[in-house]
A.B. asks: 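Please read through the structure below; I'll follow up with questions.
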There are 2 protein chains.
Amino acid sequence: MKLGTKGRYAVMALVDLAYYGQGKPLALTEIAQRQSLPISYLEQLFLKLRQKGFVASTRGHLGGYTLAREAEAIRISEILEAIGEPIETTRCDKSSSTGCLGTNAKCLTHTLWAGLGAQMHQYLHGISLADVCERRVV
Amino acid sequence: MKLGTKGRYAVMALVDLAYYGQGKPLALTEIAQRQSLPISYLEQLFLKLRQKGFVASTRGHLGGYTLAREAEAIRISEILEAIGEPIETTRCDKSSSTGCLGTNAKCLTHTLWAGLGAQMHQYLHGISLADVCERRVV
DNA sequence: GAATTCCCGACTAAATTAGTCAAGTATGAA
DNA sequence: TTCATACTTGACTAATTTAGTCGGGAATTC
Ligand code: FES
Ligand code: FES
């Protein structure tokens, strides 16, 4: 049960962007250096973040990224979702109605894990980028 | 952010043991079949569970495992810990006082992830094996 | 002594992660 | 124009982790 670098880096970078980029575009190299993250890896992540509408890009000299939405309106849970690091606590495919294995009944532990997932999602949904920037996290 | 099979299988098996094994030893083959889990994998897990004092074993014919502690007194969080699937949300080594990278200050996202970890631990600590068996989970 | 069951360590195939690399496109400044 | 900067994109890969398997052994009961 561990958090990977994808999600971690994405949030770190977006926090940095919200924190230091006051309106004007911030280059990825700058973010990468400040947070000491591999830049070519970040490029990958920001590609997805742009496609999903979290950031906007300006190319060329003095270009960079800006937040496409208000920092108050971006939930941490959304970032993880967008980047491809979803919360997967249950094993059963929630689309099909079949449980863990073969049987169409849910296994004994299903509600346990589902509850855990809900708990995590609720926590991460309740915190915005702005909250992290301004250290409003308990 | 996904739950692996180690933790999942361990909890499934222990729930099965608490549910079907009324006092008397339950063979691993029986548990494995009922939950359709790979038996040789389960053996590995139960080795650790015994060493950590969650179950007791009886060898030979009609042998098997029994719970070594009351089902009410076994928290899900303990199982995951024992089996080697801990909750790792932060990246910094909590023993050393150094943060994510080099600097001894905590990174901006540290409290966010620490909070998530605390949330998860709290949830899993608040639920016992007995709770799962008797479906007292929201 | 034969069947059953736990005990234990070593090993491995497959999947995932955590990136790198190379080539291209757009923009602004000198 | 030309150059430097910076985003864009897909392909590729090394390392790690996961999810097991396998083989042999030891204890216990019938
Ligand atoms: S986790 Fe959903 S049925 Fe087992
Ligand atoms: S996660 Fe602890 S300092 Fe970054």
Side-chain angles (χ1 to χ4, degrees), chain A residues 1-14 17 21 24-68 80 83-86 88 91 100-101, chain B residues 1-14 17 21 24-68 80 83-86 88 91 100-101:
Chain A
M1 209 72 206
K2 63 180 62 161
L3 180 68
T5 55
K6 277 209 303 261
R8 166 167 283 118
Y9 290 177
V11 174
M12 287 174 77
L14 284 180
L17 181 55
K24 287 300 142 195
L26 209 55
L28 224 45
T29 54
E30 199 180 329
I31 299 179
Q33 279 186 10
R34 190 160 34 223
Q35 304 292 329
S36 52
L37 303 174
I39 181 166
S40 13
Y41 196 30
L42 268 193
E43 284 179 341
Q44 248 180 75
L45 302 178
F46 271 72
L47 175 62
K48 286 182 192 162
L49 289 174
R50 183 178 58 81
Q51 289 170 345
K52 299 280 170 63
F54 291 90
V55 297
S57 62
T58 338
R59 309 226 273 197
H61 193 43
L62 294 183
Y65 287 96
T66 54
L67 285 183
L80 297 180
I83 224 62
E85 181 143 334
E88 279 179 19
R91 191 172 57 171
C100 263
L101 195 92
Chain B
M1 210 68 206
K2 65 180 62 161
L3 180 68
T5 54
K6 278 209 302 262
R8 166 169 283 120
Y9 290 177
V11 174
M12 287 175 78
L14 284 181
L17 180 54
K24 288 299 140 194
L26 208 57
L28 223 45
T29 54
E30 199 179 328
I31 299 178
Q33 279 187 10
R34 191 161 33 224
Q35 304 293 329
S36 52
L37 303 174
I39 182 165
S40 14
Y41 196 31
L42 267 194
E43 284 180 342
Q44 248 181 75
L45 301 179
F46 271 72
L47 176 62
K48 286 183 192 162
L49 290 174
R50 182 178 57 81
Q51 289 168 346
K52 299 281 169 63
F54 290 90
V55 296
S57 63
T58 336
R59 308 224 274 197
H61 192 43
L62 295 184
Y65 287 97
T66 54
L67 284 184
L80 297 181
I83 221 64
E85 181 143 333
E88 281 179 17
R91 189 172 58 170
C100 263
L101 196 92

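In what follows, chains are A, B, ... by sequence order, proteins preceding strands, each numbered from 1. For the numbers below, each heavy atom of this structure counts, side chains included, while hydrogens, waters and symmetry mates do not.
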A.B. asks: Choose from C/dG28, D/dG25, D/dT21 the nucleotide whose nearest atom is closest to any side-chain atom of B/Arg59.
C.D. replies: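 Of the options given, the side chain of B/Arg59 lies nearest D/dG25.
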A.B. asks: With nearest nucleotide decided by heavy atoms, which residue, A/Phe46 or A/Met1, maps closer to the 5′ end of DNA chain D?
C.D. replies: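 Final value for this comparison: A/Phe46.
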A.B. asks: Taking side chain as C-beta onward, heavy atoms only, is A/Val55 less than 4.5 Å from A/Leu17?
C.D. replies: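 With C-beta onward as the side chain, the pair touches.
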A.B. asks: I want to confirm an ordering. Mapping B/Gln51 and B/Gly63 to their closest nucleotides on DNA chain C, which one lands closer to the 5' end?
C.D. replies: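 Its nearest nucleotide lies further toward 5', so the answer is B/Gly63.
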A.B. asks: Can you tell me how far apart CZ (B/Arg8) and CD (B/Glu85) are? Round to the nearest 0.5 Å.
C.D. replies: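 Answer rounded to 0.5 Å: 8.5 Å.
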A.B. asks: What integer distance in Å separates B/Arg91:CZ from C/dA18:C1'?
C.D. replies: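 In whole Å, C/dA18 C1' and B/Arg91 CZ are 12 Å from each other.
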A.B. asks: Looking only at heavy atoms, which two atoms of B/Leu45 and B/Tyr9 are closest? And how far apart?
C.D. replies: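 In this case the closest contact between B/Leu45 and B/Tyr9 is CD1-CB, 3.9 Å.
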A.B. asks: If I take atom CZ in residue A/Arg50 and atom P in nucleotide C/dA26, what distance separates them, rounded to the nearest angstrom?
C.D. replies: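 Atom-to-atom, A/Arg50 to C/dA26, this comes out as 12 Å.
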A.B. asks: Which nucleotide wins on minimum distance to the side chain of B/Thr5, given the candidates D/dT9, D/dA19, C/dT17?
C.D. replies: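 The nucleotide sitting nearest to the side chain is D/dA19.
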A.B. asks: Is the base of D/dT18 touched by the side chain of B/Glu85 through a donor-acceptor pair closer than 3.5 angstrom?
C.D. replies: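 It does not, because no donor-acceptor pair links the side chain of B/Glu85 to the base of D/dT18 below 3.5 Å.
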A.B. asks: Whole-Å distance between D/dT21 P and B/Ile39 CD1?
C.D. replies: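 Result: 10 Å.
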A.B. asks: Please give, in whole Å, the distance from C/dG1 P to B/His61 NE2?
C.D. replies: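 Rounded to whole Å, this separation is 19 Å.
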A.B. asks: Return the nearest nucleotide to the side chain of A/Ala27; candidates are D/dT21, C/dC21, D/dC7.
C.D. replies: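 Side chain of A/Ala27 sits closest to D/dC7.
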A.B. asks: Atom CD of B/Glu43 to atom P of C/dC8: distance rounded to whole Å?
C.D. replies: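 For the pair B/Glu43 CD and C/dC8 P, the rounded distance is 11 Å.
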A.B. asks: Do you know the tightest heavy-atom contact between A/Gly21 and A/Leu26?
C.D. replies: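 That closest heavy-atom pairing would be N-CD2, 3.8 Å.
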A.B. asks: As a test of reading the structure: which of C/dC7, D/dC30, D/dC7 is closest to the side chain of B/Ser57, going by heavy atoms?
C.D. replies: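 Taking heavy atoms from C-beta onward, the closest nucleotide is C/dC7.
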A.B. asks: Phosphate oxygens OP1/OP2 of D/dG20: is one of them under 4.0 Å from a side-chain N or O of B/Ser40?
C.D. replies: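 Indeed not, no polar side-chain atom of B/Ser40 lies that close.
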A.B. asks: Just how far, in rounded Å, is C1' of C/dG9 from OH of B/Tyr41?
C.D. replies: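 After rounding, the gap between these two atoms is 16 Å.
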A.B. asks: Taking atom C1' of C/dA18 as reference, at what distance in whole Å does atom CD of A/Gln44 sit?
C.D. replies: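 Spelled out: CD on A/Gln44 to C1' on C/dA18 is 9 Å.
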A.B. asks: Is there side-chain contact between B/Val11 and B/Ile83, with at least one heavy-atom pair below 4.5 Å?
C.D. replies: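 No, side chains not in contact.
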A.B. asks: From the set D/dG20, C/dC6, D/dT8, return the single nucleotide nearest to any side-chain atom of B/Tyr9.
C.D. replies: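 Looking only at heavy atoms from C-beta outward on B/Tyr9, the closest nucleotide is D/dG20.
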A.B. asks: What is the separation between atom CG on A/Leu37 and atom P on C/dT20, rounded to the nearest whole Å?
C.D. replies: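 Value for this atom pair: 11 Å.
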